[in-house]
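Scroll down for the structure; my scribbles are underneath it.
Side chains included, hydrogens not; waters and symmetry mates left out as well; all remaining heavy atoms used. Every chain is numbered from 1 and lettered A, B, ... according to where its sequence line falls, protein lines coming before strand lines.
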Amino acid sequence: MAKNLLIVESPAKAKTIEKYLGEDFTVKSSIGHIRDLPEKGIGVDIENNFRPEYEISADKTKVVAELKKLAKKAETVWLATDEDREGEAIAWHLLQALEIDEKKTRRVVYHEITKPAILAAIAHPRTINKALVDAQQARRVLDRLVGYELSPVLWRKVKTGLSAGRVQSVAVRLIVDREREVTAFAFSPYFRVLGYFSAGAAKFRAELEKKLADETQARDLLNKLKGAVYTVTNKEKKPSRRTPSAPFTTSTLQQEASRKLGYSVSQTMRIAQSLYEKGYITYMRTDSVNLSQLALDGAKAEVLSLYGGKYAHTRTYKTKSASAQEAHEAIRPTNFTAKEIEGESNEKRLYDLIWKRTIASQMADAEIEKTVVTISQSASEEKFIATGEVTIFDGFLKVYTESDDETEENETEEGHLPAMEINQQVEANEIKAMQKFTLPPPRYTEASLVKKLEALGIGRPSTYAPTISTIQKRGYIVKESREGTERKYTVLNLKNNEVSTETKTEITGAEKSKLFPTDTGIVVNDFLKEHFGEIMDFNFTAHVEEEFDTIAEGKRTWTDMIAKFYAPFHKTVEKTSSVETKRASGERILGKDANGKKVSVRLGRFGPMVQLGESDAEDKPRYAKLTAGQHMETITLEQALDLFRLPRTLGNYEDKEMTVATGRFGPYVKHDGKFYSLPKQDDPYTVQAERAIEIIQEKQKREKEKVIQVFNREPEIQILNGRYGPYMTMNKVNYKVPKDKDPAKLTLEECLSIIEEADKSGKPKRKAFRPGNKKPKGE
DNA sequence: CAGTGAGCGAGCTTCCGCTTGACTT
């Protein structure tokens, strides 16, 4: 039995550290927090100075029991959790939950998992920093009070099951605000003028310095330029440098993996977790850009051996984020000589990105020479500018270029310019004036939302991905692609002394995998903003973080801070949930129908709906759901009235009535209690009985082909043809048909024994396949 | 999975941050 027990947070970390320490050490992990407030109830004794009612988390009872046993036997227990607010709290909870004598515990900290760092930590133990723990308790209790008092207000005043919190509600607000900016955006047109020139045999492009306001101005200029003479009047060479980006943090890794590899935030984290567990990279949840000395040396050696001394440049980076707690290193390869790794292609690609980014961060600047040539013309004062860029020394660009969120409108590709001298005349082959439109701010992607949250100091590396999935699960936002609309634009062209006009069309407003608010998200956001402005303020987290810091410095008692926050907050909660506050439904009156009945749209118990007529009127109002693609803020009176044209009755088929309507999954025909989706080309408002019968018959034919075998004696069991081949189903649970059996010839007895075997194996059954849970193959 | 939109009024829902686990006809 080892004399020493050292406890860290992550099992993978425990394995690594165990190798660094000798036989005298057993290294175990707590697997994160072990105690927390209870899930049910507020869990804070408000009357009793906000005393938290901690309990061992349900999924940690086993770990705690094991650690307790080991701690009892050990001579010394080393609490080696992270050196940040949460890590300090975990150490403190361990001390209490394991019931160890404080005298035989030591608190140790390190910022990197390297042998020298671990040994140095062991050599310099300290005690638990209670002030830091208190700052964590303040954070925890504040989040609980806000989340668990605000959410019930939403259940009463908006819709049951909703949630609100310090982080998620602001994340939703960002998306709602942005959506409104985009929809309110007024596109203003302007003209951009491009000249296509020749200098001797070489061709190049230059742009008019000034943008023109309208078509008249553009036409005037082009007419004036007929027969103009173009002369080079200035030429400047500007040397410039480019510096590599810092190594990855969680947030920057998520952004780059999204831009370069198209991964979602959670996908990136899943892959990174796997790379970390296999020992290929350092810890993936970090806000630090710091590299250990070991890493700096390793990267340098690799740059030297691959590219030579000219390319090596050791750099250290400082974090820009004020909220950073820097308990870990940046995300980097553990071994720089491994340029490639074994694994799935996703893993290889993400590793490659991490390797390149880290190596590039330790390489020389790129040296670039920019050339700017000014071309004047004889017809007016307006000048054309041509820019060229030549790389003198590629430096880190040999390995890595960071990509950019704003990739659109980068039409001025900068390249090599031909050699030109001042006073040289150049020839214009063509001058084009193209109509352009100003752009609204871009909608958020998952990754750009993370970037924004980090900049505001909201959320932590471990919560970015879960936060995004929470606000999706609550139905506040959706990630989707939307088709754009066509827009006409004008191009004027001056060629061979003639100006021609052309009208072209382009697609505008198309979005791919962007975040949009739902109607629920908008109503909840507006409600919270109206009543809880303080919490919805983008600076709320920053303010409370400042207070947590003063608690951590020992200058303030955590319960005082909470008390001061809670009193007015709770008062607002009471007032807002009382009967005096009206339910929030986001109701809009759209107008009146032909009979003068009121038409309105609002958020009902089951989602967005339109209402025709009033509830206190003689005849009851009619209701209809909004269909996919319709939104409460943008639906028109005409669109709303259209919704009441459904359901339509189409007549009978086999003595049963057919009706057509639109549901959650689009238009459908209903017949004899069954639903038949309308194909895209059919319009629910005009489709006729004949066509509906066709649709019903087609589906019935497909259903028939799906069935391989049924048994008269046991109608619950069916052998069916599915997406993944033949399978068996009983009482909505599915079973595999053994590969060596012919599904068409299985007997009922064989089926029953297969089902019995499968049930005995004890694996939990799923009623349906859940996508997104696929286990990576190859293991 | 394609209804419902209010009164009956049980019992439920919810936060953020630390960590990994699971398992598919």
Side-chain angles (χ1 to χ4, degrees), chain A residues 8-13 29-37 39-43 57 59-60 63 81-82 84-87 89-90 93 136 139-155 159-169 273 277 285 327 458-463 466-467 470 474 541 585 602-611 615 620-625 647 661-670 674-677 719-729 733-737 758 763-775:
Chain A
V8 297
E9 289 168 43
S10 150
K13 202 192 273 181
S29 61
S30 72
I31 323 183
H33 273 292
I34 53 152
R35 288 207 310 189
D36 193 12
L37 302 174
E39 253 177 75
K40 296 221 180 309
I42 199 96
S57 312
D59 53 339
K60 298 295 165 55
V63 198
T81 49
D82 294 347
D84 56 16
R85 205 159 63 202
E86 298 297 326
I90 294 175
H93 280 298
Q136 193 273 347
R139 200 279 304 155
R140 181 67 191 93
V141 168
L142 177 91
D143 283 337
R144 171 52 65 97
L145 293 174
V146 169
Y148 273 40
E149 292 216 350
L150 233 40
S151 301
V153 177
L154 296 180
W155 305 342
K159 209 162 71 165
T160 165
L162 296 177
S163 68
R166 173 177 59 83
V167 173
Q168 58 169 281
S169 297
Q273 174 89 30
E277 284 171 9
R285 290 185 276 263
I458 298 170
R460 303 279 314 134
S462 65
T463 60
T467 299
T470 300
R474 297 279 173 271
T541 291
S585 70
R602 68 185 158 97
L603 188 71
R605 280 204 293 153
F606 308 106
M609 59 185 257
V610 286
Q611 180 174 342
S615 51
K620 278 192 172 172
R622 287 182 67 197
Y623 303 99
K625 257 184 171 167
T662 294
R664 168 83 183 76
F665 303 100
Y668 63 91
V669 177
K670 192 175 168 188
K674 292 205 180 76
F675 296 91
Y676 304 88
S677 291
I719 303 176
L720 303 173
N721 230 335
R723 272 203 292 160
Y724 309 104
Y727 69 100
M728 221 159 43
T729 175
V733 182
N734 298 327
Y735 301 88
K736 216 184 283 190
V737 172
K763 282 180 193 160
K765 305 271 170 328
R766 299 221 178 262
K767 283 191 180 163
F769 176 73
R770 282 211 324 245
N773 268 351
K774 266 187 276 173
K775 176 178 170 77

In whole angstrom, give the distance that lies between atom [atom1] of [X] and atom [atom2] of [N].
X        : N      : atom1 : atom2 : answer
A:His93  : B:dC16 : NE2   : C1'   : 13 Å
A:Tyr148 : B:dC12 : OH    : P     : 13 Å
A:Leu37  : B:dC16 : CG    : P     : 13 Å
A:Ile42  : B:dC16 : CD1   : P     : 13 Å
A:Leu150 : B:dT13 : CG    : P     : 18 Å
A:Lys674 : B:dC1  : NZ    : P     : 17 Å
A:Leu154 : B:dC15 : CG    : C1'   : 12 Å

What's touching nucleotides 17-21 of chain B from the protein side, N or O pairs under 3.5 Å?
| unit_1 | atom_1 | unit_2 | atom_2 | d |
| --- | --- | --- | --- | --- |
| B:dG17 | OP1 | A:Arg166 | NH2 | 3.0 |
| B:dG17 | OP2 | A:Thr463 | OG1 | 3.0 |
| B:dG17 | O4' | A:Arg139 | NH2 | 3.3 |
| B:dC18 | OP2 | A:Ser462 | OG | 2.6 |
| B:dC18 | O5' | A:Ser462 | OG | 3.4 |
| B:dC18 | O3' | A:Glu9 | OE1 | 3.2 |
| B:dC18 | O2 | A:His33 | N | 2.5 |
| B:dT19 | OP1 | A:Tyr283 | OH | 2.5 |
| B:dT19 | OP2 | A:Tyr283 | OH | 2.7 |
| B:dT19 | OP2 | A:Arg285 | NE | 3.0 |
| B:dT19 | O5' | A:Tyr283 | OH | 3.1 |
| B:dT19 | O4' | A:Gly32 | N | 3.4 |
| B:dT20 | OP1 | A:Ser10 | OG | 2.8 |
| B:dT20 | OP2 | A:Gln273 | NE2 | 3.1 |
| B:dT20 | OP2 | A:Arg285 | NH2 | 2.7 |

Looking across every strand, which nucleic acid part, if any, lies under 4.0 Å from [X] by heavy atom: base, sugar-phosphate, or nothing?
X        : answer
A:Arg622 : nothing
A:Ser29  : nothing
A:Gln168 : sugar-phosphate
A:Ala661 : nothing
A:Gly41  : base
A:Leu145 : nothing

Donor-acceptor pair, distance only, cut-off 3.5 Å: does the side chain of [X] make one with the backbone of [Y]?
X        : Y       : result
A:Glu9   : A:Asp82 : yes
A:Tyr148 : A:Lys40 : no
A:Thr81  : A:Val8  : no

### Message
Syn or anti for B:dG17? Use the chi torsion, O4'-C1'-N9-C4 for purines and O4'-C1'-N1-C2 for pyrimidines, with syn inside 90° of 0.
### Response
anti
Distance check, rounded to the nearest 0.5 Å: [X] atom [atom1] versus [Y] atom [atom2]?
X        : Y        : atom1 : atom2 : result
A:Asp84  : A:Arg460 : CG    : CZ    : 6.5 Å
A:Ile34  : A:Lys60  : CD1   : NZ    : 8.5 Å
A:Thr463 : A:Gln168 : OG1   : CD    : 11.5 Å
A:Ser10  : A:Arg285 : OG    : CZ    : 8.0 Å

### Task
Answer yes or no: does a side-chain N or O of A:Ser163 lie under 4.0 Å from OP1 or OP2 of B:dC15?
yes
## Note on the structure
Tested for side-chain hydrogen bond (donor to acceptor under 3.5 Å, both in side chains) against A:His93, the lone hit among A:His33, A:Arg35, A:Gln136 is A:Arg35
### Message
If you count heavy atoms of other groups shown closer than 6.0 angstrom to NZ of A:Lys670, is the number above 12?
### Response
no
### Summary
Counting primed atoms, P, OP1 and OP2 as sugar-phosphate and everything else as base, the B/S/- map of nucleotides 5-10 of chain B against protein heavy atoms under 4.0 Å is BB----
### Task
Report yes if a donor N or O on one partner sits less than 3.5 Å from an acceptor N or O on the other, where the partners are the side chain of A:Thr160 and the base of B:dT13; otherwise report no.
yes
### Message
Stacking between B:dT13 and A:Trp155, yes or no? Criterion: centroid separation under 5.5 angstrom, plane angle under 30 degrees.
### Response
yes
### Query
Looking only at heavy atoms, what is the nearest atom pair of A:Ser30 and A:Ile90, with distance?
OG-CG2, 3.9 Å
